[in-house]
Novice: 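Submitted below is the structure of interest, expressed as structure tokens.
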Amino acid sequence: MKRLQMVGLSGSGKTTFLAALNWSTRHPSEDARLVADGQADDTQYINERTHEWAACEPVEKTPAGVHRLVELWLRETATGEKVTLRCPDLSGEMYQDHWKTRQWPQERDEEVSASDGLLVFVSTKERYLPTTLVEEAELVAAVGGAPGAEVPHLEAWAPEHSCQQVQLVELLQFIRNRRGLLASPIRTCVVVSAWDLEHGSGSTPDEWLRREAPLLWQALQCNAEVMPSRVFGVSAQGGAYPTEAERLRNIDEPVERIMVVGTEHGQAAQNHDITRPLAWLLRKEP
Amino acid sequence: MSDLKTKTCLQEGCPFSTTGECQDGFNPAEECPHLVDRPPAGPERNVAESAESSMPEPEPVEQTVYVDLPSGDVLRLGDVQRIRPASIPRMVVLAGPPDAGKTTIITEIYDAFQLGRFDEHMFAESSTLPAFEERCFLNRPESGAENPDTEHTQPRVEPEFLHLRIAKVATPSQHLDLLFGDISGEDYERVRNNAAALQTMDHLRFADHVLLVVDGASLCDGRRHSAGLAAGQLLERFATDTTIPKDAQLHLVVSKMDIVEAHEAVPRAARQLEILADSVGDRFADVRQHFIAARPLAGVPEAGTGLEALLATWVGYGRPLPTEGT
């Protein structure tokens with residue numbers, strides 16, 4: 001059994017990815033690397049999310065404080081090897097709680113220690129960089145504004161004030177820390193979701209991460225020995241809802257809505273195979 | 001499908017009774033542990049009473065066991081082992097009067113990594129991310145501050161350290177741990193005024209790099225003579241005492257160079273550092289001079305000017321390890 005951890009803050013696209021993955025493995029394209037091989041005992045949650053995805057309806061966000069375990073039974077097409085994916089689908093708020101409270105449940109510790117791979121979700125729709133006052137002043141000046149005349153009321157720092165990339169870097173540090181120095185390396189796939197919004201900009205997913213979340217990108221580069229990583233751009237929906245829902249529903253094969261952009265043999269590669277990030281995670285070669 | 005007629009929720013305010021939805025997000029709502037059977041129809045009773053009288057014996061709630069994660073707090077001398085050093089950590093001590101810009105230098109280095117500004121160095125890890133975030137907060141709109149600022153470092157009983165693990169871009173897997181001593185200017189004023197105060201600064205014994213920060217703004221107005229005197233006095237304390245290792249590197253730093261340049265006081269700043277450098281002779285392994293604009297208020301020059309060169313000197317030198325018998 002292969003266990004994967006999904007990490008990502010609120011709105012980063014974890015559940016939508018799972019729903020699209022479930023559909024894709026049950027309706028695989030010719031070049032799919034992973035296909036469904038039976039189904040787990042309890043599939044109600046993932047089935048409901050998959051139906052939402054198939055109908056081009058917004059996939060229900062995992063409620064705050066809720067922890068769902070999604071189990072997918074798969075088979076690698078190249079080798080025939082059976083793979084059971086256990087993905088805890090935690091709400092993004094729970095990951096933010098870890099940053100704030102500096103604690104997590106014992107079972108989370110066990111999941112992290114036993115994980116074979118890590119999916120880190122970020123989204124082109126979110127901001128990961130901090131905003132500085134210098135930058136804000138420049139923006140205000142650029143639009144011809146002027147500083148406010150009110151006496152400022154100063155807030156005290158609280159963890160929720162920190163930008164998203166710091167929280168993600170700390171989560172990865174927690175994972176490395178709890179796995180310990182002697183643990184085997186854990187492959188880490190960064191999924192840049194809502195890639196349809198960035199597609200056409202000319203940036204690769206790796207370049208996007210370096211530009212939009214430089215602290216996270218640097219931390220991955222520097223820790224490649226214990227966390228070998230790769231970045232994929234994924235649009236699990238294929239476009240925005242509801243504006244593009246009609247167009248997407250008219251695509252005969254729903255898997256063709258999906259866009260996956262990554263690097264294969266040093267070259268940028270794009271197709272509809274949402275199993276590619278997982279296939280890389282499960283692979284033993286670089 | 002949720003059966004509104006036969007079930008009810010014990011939680012106050014739950015909309016289940018009217019909409020069939022569970023306020024805790026269970027879907028289907030039947031999975032919610034607070035859902036119970038309504039009592040059978042009979043003599044009219046208050047629904048709440050009915051629910052209470054038919055309330056099942058509460059099952060013992062399994063307590064969630066939590067694991068503590070690293071606190072992210074500042075480090076103290078005894079905490080250095082917590083960071084699992086990739087290498088012998090290099091200690092960088094920033095000394096100088098209050099408001100010279102010592103903590104701002106540290107926070108702007110951190111922000112430079114956050115914003116991907118450095119060309120030659122990368123961030124690998126930090127054991128004190130929340131501590132950095134707290135110190136950067138007055139440069140964030142969320143703080144409510146109008147102008148970028150850094151919270152004043154308060155005098156403390158024990159010195160506190162911030163941690164960064166970094167690497168060169170060319171060799172990302174080779175890490176170096178830097179510990180930054182975040183000590184208040186008031187503590188250094190005590191040292192300047194009283195040699196005995198130096199004995200309370202035990203951390204100086206481990207310093208690889210000591211920065212004497214001269215407030216560039218003070219060189220531009222009537223304070224310039226006393227600023228030079230104070231810097232010289234503090235440096236003399238460091239030089240004549242044996243607390244700071246002889247093989248530590250000394251860095252003479254003028255901060256706020258944006259203000260210095262605006263007042264056309266660059267030659268004065270350079271002369272001040274020359275005077276200080278001449279005063280210490282060969283007391284230290286090396287003496288470097290730096291002109292820094294860590295966070296220019298007007299955005300000119302670019303934020304972090306001079307910081308990567310400063311960082312490079314820390315990366316390039318660490319005190320030799322003591323040999324056996326010494």
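In what follows, chains are A, B, ... by sequence order, proteins preceding strands, each numbered from 1. Just so we're clear, the structure is a prediction, and the values are computed from it rather than from any experiment.
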Novice: I'd like to know which of B:Q114, B:R135, B:R165 tops the heavy-atom pair count under 4.5 Å against chain A.
Specialist: B:Q114
Novice: Using 0.5 Å steps for rounding, measure from the CD atom of A:E135 to the CG atom of A:L129.
Specialist: 7.5 Å
Novice: Can you tell if the side chain of B:N139 reaches within under 4.5 Å of the side chain of B:T107, non-hydrogen atoms only?
Specialist: no
Novice: Any Lys/Arg nitrogen of A:E170 or A:K100 sitting under 4.0 Å from an Asp/Glu carboxylate oxygen of the other?
Specialist: no
Novice: Which bit of A:R211 comes within less than 4.5 Å of chain B, counting heavy atoms only: side chain, backbone, both or neither?
Specialist: neither
Novice: Looking at A:P130, A:A224, A:A156, which has the largest count of heavy-atom pairs under 4.5 Å with chain B?
Specialist: A:P130
Novice: Answer yes or no: is there an ion pair linking B:D111 with B:R140, defined by an N-O contact shorter than 4.0 Å?
Specialist: yes
Novice: Looking at side-chain heavy atoms only, is the closest gap between A:W157 and A:S162 below 4.5 Å?
Specialist: yes
Novice: For A:E52 and A:R49, run salt bridge (charged side-chain N to carboxylate O under 4.0 Å, His left out): C-alpha distance rounded to whole Å, both residues' side-chain angles, the deciding distance at 0.1 Å, then the answer.
Specialist: CA-CA 5 Å; A:E52 288 160 357; A:R49 304 291 80 76; 2.8 Å; yes
Novice: Sequence neighbours excluded, which residues qualify as side chain to side chain contact (heavy atoms under 4.5 Å, CB included) partners of A:P105?
Specialist: A:H98, A:E107, A:R108, B:T64, B:Y66
Novice: Under 4.5 Å between any side-chain heavy atoms of B:D79 and B:D73, yes or no?
Specialist: no
Novice: Assign the ring pair A:W104 / A:F174 to parallel, tilted or perpendicular, where the plane angle (0 to 90°) is split at 30° and 60°.
Specialist: perpendicular
Novice: For chain A, which residues of residues 174-184 of chain B have at least one non-hydrogen atom nearer than 4.5 Å to it?
Specialist: B:H175
Novice: When heavy-atom pairs shorter than 4.5 Å are enumerated against chain A, which of B:R117, B:E125, B:R295 gives the highest number?
Specialist: B:E125
Novice: For chain B, find which of A:R178, A:R102, A:E155, A:E60 contributes the most heavy-atom pairs closer than 4.5 angstrom.
Specialist: A:R102
Novice: Is the backbone N or O of A:W208 less than 3.5 Å from a side-chain atom of A:E212, with the two atoms forming a donor-acceptor pair by type?
Specialist: no
Novice: Using only non-hydrogen atoms and a strict under-4.5 angstrom cutoff, which residues of residues 39-48 of chain A touch chain B?
Specialist: A:Q44, A:E48
Novice: Is any side-chain heavy atom of B:E142 closer than 4.5 Å to one of B:F137?
Specialist: yes
Novice: Given that the side chain runs from C-beta out, which part of B:N147 has a heavy atom under 4.5 Å from chain A: side chain, backbone, both or neither?
Specialist: backbone
Novice: Hey, are the side chains of A:Y128 and A:L216 touching, using non-hydrogen atoms and a 4.5 Å cut-off?
Specialist: no
Novice: Under 4.5 Å, counting heavy-atom pairs only, tell me which of B:A303, B:S126, B:G116, B:P141 racks up the most with chain A.
Specialist: B:P141
Novice: Does the pair A:Q164 and A:Q167 meet the rule for a side chain to side chain donor-acceptor pair (under 3.5 Å), with working shown?
Specialist: CA-CA 5 Å; A:Q164 294 202 47; A:Q167 297 186 41; over 6 Å; no
Novice: If I measure from the heavy atoms of chain A, does B:F118 come under 4.5 Å with its side chain, its backbone, both, or neither?
Specialist: neither
Novice: Is there a side-chain contact between A:T204 and A:T263 (heavy atoms, below 4.5 Å)?
Specialist: no
Novice: Spell out the residues in residues 5-22 of chain A that have some non-hydrogen atom less than 4.5 Å away from a non-hydrogen atom of chain B, in order of number; otherwise answer 'none'.
Specialist: none
Novice: For B:I292, which of B:D258, B:V213, B:L310 qualifies under side-chain contact (heavy atoms from CB on, under 4.5 Å)?
Specialist: B:L310
Novice: Specify which of A:Q165, A:E136, A:Q173, A:E225 makes the most heavy-atom pairs with chain B at under 4.5 Å.
Specialist: A:Q173
Novice: Among A:T101, A:D109, A:L215, A:V169, which has the most heavy-atom pairs under 4.5 Å with chain B?
Specialist: A:L215
